[in-house]
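Worksheet for the structure shown next.
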Amino acid sequence: MDENLKVPVISVVMPVYNGEKYLREAIDSILNQTFTDFELLIINDGSSDSTEKIIQSYHDDRIVYIKNEQNLGLIKTLNKGLDLAKGEFIARMDQDDISSHERFTKQIALFEKNPEIGVCGTWFTLFRENHEDRIIKHPEHNDSIKIGLLTSCFIGHPTVMMRKKAIENYRYDVNYQAAEDFELWTRLIRVTKFYNIQESLLKYRFHSSNISVLENSVQVIKTKIITGNQLKYIDIANSEENIELCRILLVALSKFRYTDDEFRNLISFANKLEYQNLQKKVYDKKKFHEIINRRLIEIFNKTIDKKLSTLPFLLKNRKEIILQRSILANTKMLAKMILKK
């Protein structure tokens with residue numbers, strides 16, 4: 001039969017570089033999927049260990065073995081996989097992770113019921129030796145994911161499945177090493193909808209050779225650049241100060257206490273962020289306001305040495321913060337301010 005007529009539903013892209021230690025577990029977890037209509041593109045990126053021997057020990061027609069003539073690096077190898085993929089859907093898989101046997105079945109079912117969704121991730125379970133497993137949970141719906149992507153990668157890369165027609169000619173950017181997936185999602189989410197299945201369908205192996213460990217400092221720098229790019233997209237200056245203010249507003253609190261001046265600065269930035277979003281219509285207005293306001297209330301509760309002048313400032317700029325607190329809490333706060341005055 002003509003090979004071109006046998007187009008699989010899913011193309012699984014799995015780059016491998018010196019992956020002998022965990023590779024067999026990763027491959028087996030894909031070959032044992034309950035959804036079986038796929039091709040597994042295993043791209044050997046110049047490995048010097050027994051990676052090739054392990055791959056060639058399999059005799060499954062769904063495996064397509066590709067060997068780079070020289071080491072291209074992860075990003076170029078990923079893009080090569082996207083170019084070679086024949087399936088209607090493209091799934092990602094890493095050389096050291098383990099997919100749940102029902103992962104593909106559940107992701108395909110999601111796509112069939114929701115034609116508007118172009119990218120589907122899942123929760124995943126972080127596991128490592130001598131530690132308890134921990135489920136990493138990300139927001140379910142597109143609006144929350146989109147807002148979260150301002151500062152953080154809210155899509156687990158090795159859990160992802162994408163519609164091929166949704167990504168079209170989009171590719172990973174080689175300028176964003178260690179954060180290439182995050183950067184790609186920030187572009188893709190402008191043209192298609194995202195969804196996270198609220199169930200762990202992949203075991204993410206944490207070890208000393210993870211990119212997030214080996215290239216942590218690079219990842220931090222690239223993440224800031226990605227946040228700055230998105231601020232610039234809604235016409236807010238791409239500055240270190242704005243990036244940090246955005247991170248404080250949208251990422252888990254990193255400080256136990258904030259000063260009154262820091263809090264006021266955050267209020268001003270939050271107002272600017274919401275105003276520019278109203279002009280550009282990038283993020284859902286209601287959800288954006290809800291997330292920002294909830295964070296500001298948390299930060300206000302951690303603000304020390306509140307000034308008496310903060311009350312009229314809040315009533316003018318963010319009266320919800322006052323209105324959503326109890327009368328008792330506001331009374332106690334006012335009493336403290338007056339006593340200090």
Side-chain angles (χ1 to χ4, degrees), residues 73-76 78-79 119 121 138-139 142-157 160 167 169-194 196 211-255 258-259 261-285 287-296 298-299 317:
L74 176 61
I75 299 176
K76 289 183 178 180
L78 282 170
N79 286 335
V119 177
H138 287 145
N142 185 75
D143 288 338
S144 296
I145 295 170
K146 193 173 189 178
I147 294 167
L149 283 173
L150 253 173
T151 56
S152 306
C153 189
F154 274 10
I155 295 284
H157 195 193
V160 160
I167 68 171
N169 295 320
Y170 283 84
R171 293 295 182 265
Y172 297 94
D173 191 327
V174 294
N175 296 305
Y176 290 88
Q177 183 178 348
E180 70 284 342
D181 54 328
F182 181 15
E183 193 280 332
L184 176 61
W185 308 148
T186 63
R187 287 183 286 128
L188 270 181
I189 204 161
R190 297 172 188 167
V191 298
T192 190
K193 291 192 180 298
F194 280 47
N196 274 317
I211 288 178
S212 57
V213 175
L214 295 176
E215 301 186 21
N216 180 259
S217 59
V218 175
Q219 195 171 63
V220 169
I221 293 169
K222 297 300 182 182
T223 294
K224 288 182 178 180
I225 293 172
I226 293 167
T227 295
N229 291 344
Q230 292 180 91
L231 289 177
K232 187 176 180 181
Y233 187 73
I234 56 173
D235 291 340
I236 291 180
N238 178 358
S239 67
E240 285 286 340
E241 181 184 11
N242 285 342
I243 291 169
E244 179 61 15
L245 288 170
C246 191
R247 189 194 66 79
I248 293 171
L249 271 180
L250 298 173
V251 181
L253 297 178
S254 57
K255 293 175 65 175
Y258 293 84
T259 67
D261 288 341
E262 286 176 327
F263 177 67
R264 291 189 187 212
N265 200 20
L266 279 168
I267 291 283
S268 298
F269 179 74
N271 288 346
K272 182 191 297 184
L273 199 58
E274 288 198 63
Y275 175 78
Q276 287 304 125
N277 183 55
L278 285 175
Q279 307 306 307
K280 293 293 184 177
K281 297 179 173 59
V282 174
Y283 307 103
D284 178 80
K285 173 186 172 183
K287 178 63 70 174
F288 204 38
H289 181 74
E290 174 190 309
I291 290 174
I292 289 175
N293 225 47
R294 183 169 62 244
R295 183 70 72 191
L296 286 172
E298 292 174 1
I299 293 170
N317 292 282

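Predicted model, so just to flag it, every value in this text is computed and none were measured.
Taking 4.5 Å as the limit, some side-chain heavy atom of H289 sits within range of a side-chain heavy atom of E274. Considering only heavy atoms from C-beta on, E241 comes within 4.5 Å of N265 through its side chain. L231 is listed as a side-chain neighbour of L273, based on a closest heavy-atom distance under 4.5 Å. Looking at heavy atoms from C-beta onward, R247 lies out of side-chain contact with T227 at the 4.5 angstrom threshold. Using a 4.5 Å cut-off on side-chain heavy atoms (C-beta onward), L150 and F288 make contact. Side-chain atoms of N142 and I145, non-hydrogen and from C-beta on, never get closer than 4.5 Å to each other. Two residues are said to be in side-chain contact when any heavy atoms from C-beta on lie closer than 4.5 Å; N229 and Y176 meet this criterion. Looking at R187 and D173, their side chains come closer than 4.5 Å, going by heavy atoms from C-beta outward.
Between the N317 side chain and the R264 main chain, no donor and acceptor come within less than 3.5 Å of each other. Side-chain atoms of N79 do not come within 3.5 Å of backbone N or O of R171 as any donor-acceptor pair.
Summarising the geometry, atom CH2 belonging to W185 is positioned 6.0 Å from atom CG belonging to D181; distances are rounded to the nearest 0.5 Å. Taking CD from E290 and CZ from R295, the interatomic distance works out to 12.5 Å, rounded to the nearest 0.5 Å. In this structure, the separation between OH on Y283 and CG on D143 is 11.5 Å, given to the nearest 0.5 Å. Here the OH atom belonging to Y170 is positioned 6.5 Å from the CG atom belonging to L188, to the nearest 0.5 angstrom. Distance check, rounded to the nearest 0.5 Å: CD of Q230 to NZ of K146 gives 10.0 Å. Remark: D235 CG to N277 CG distance equals 11.5 Å, nearest 0.5 Å.
Closest of all the heavy-atom pairs between Q177 and V218 is O-CG1, 3.6 Å. E183 approaches T186 most closely through the heavy-atom pair O-OG1, 2.6 Å. Between T151 and T223, the shortest heavy-atom distance links the atoms O-CG2, 3.6 Å.
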Please determine whether side chain to side chain contact (heavy atoms under 4.5 Å, CB included) holds for the pair V251 and S152, giving the CA-CA distance in whole Å, both sets of side-chain angles, and the decisive distance to 0.1 Å.
CA-CA 8 Å; V251 181; S152 306; 3.9 Å; yes

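A distance below 6.0 Å separates the ring centres of H157 and Y172.
In K222, the NZ atom is crowded: over 12 heavy atoms of neighbouring residues, nucleotides or ligands sit closer than 6.0 Å. Atom CD of Q279 sits in a crowded spot, with more than 12 heavy atoms from other residues, nucleotides or ligands closer than 6.0 Å.
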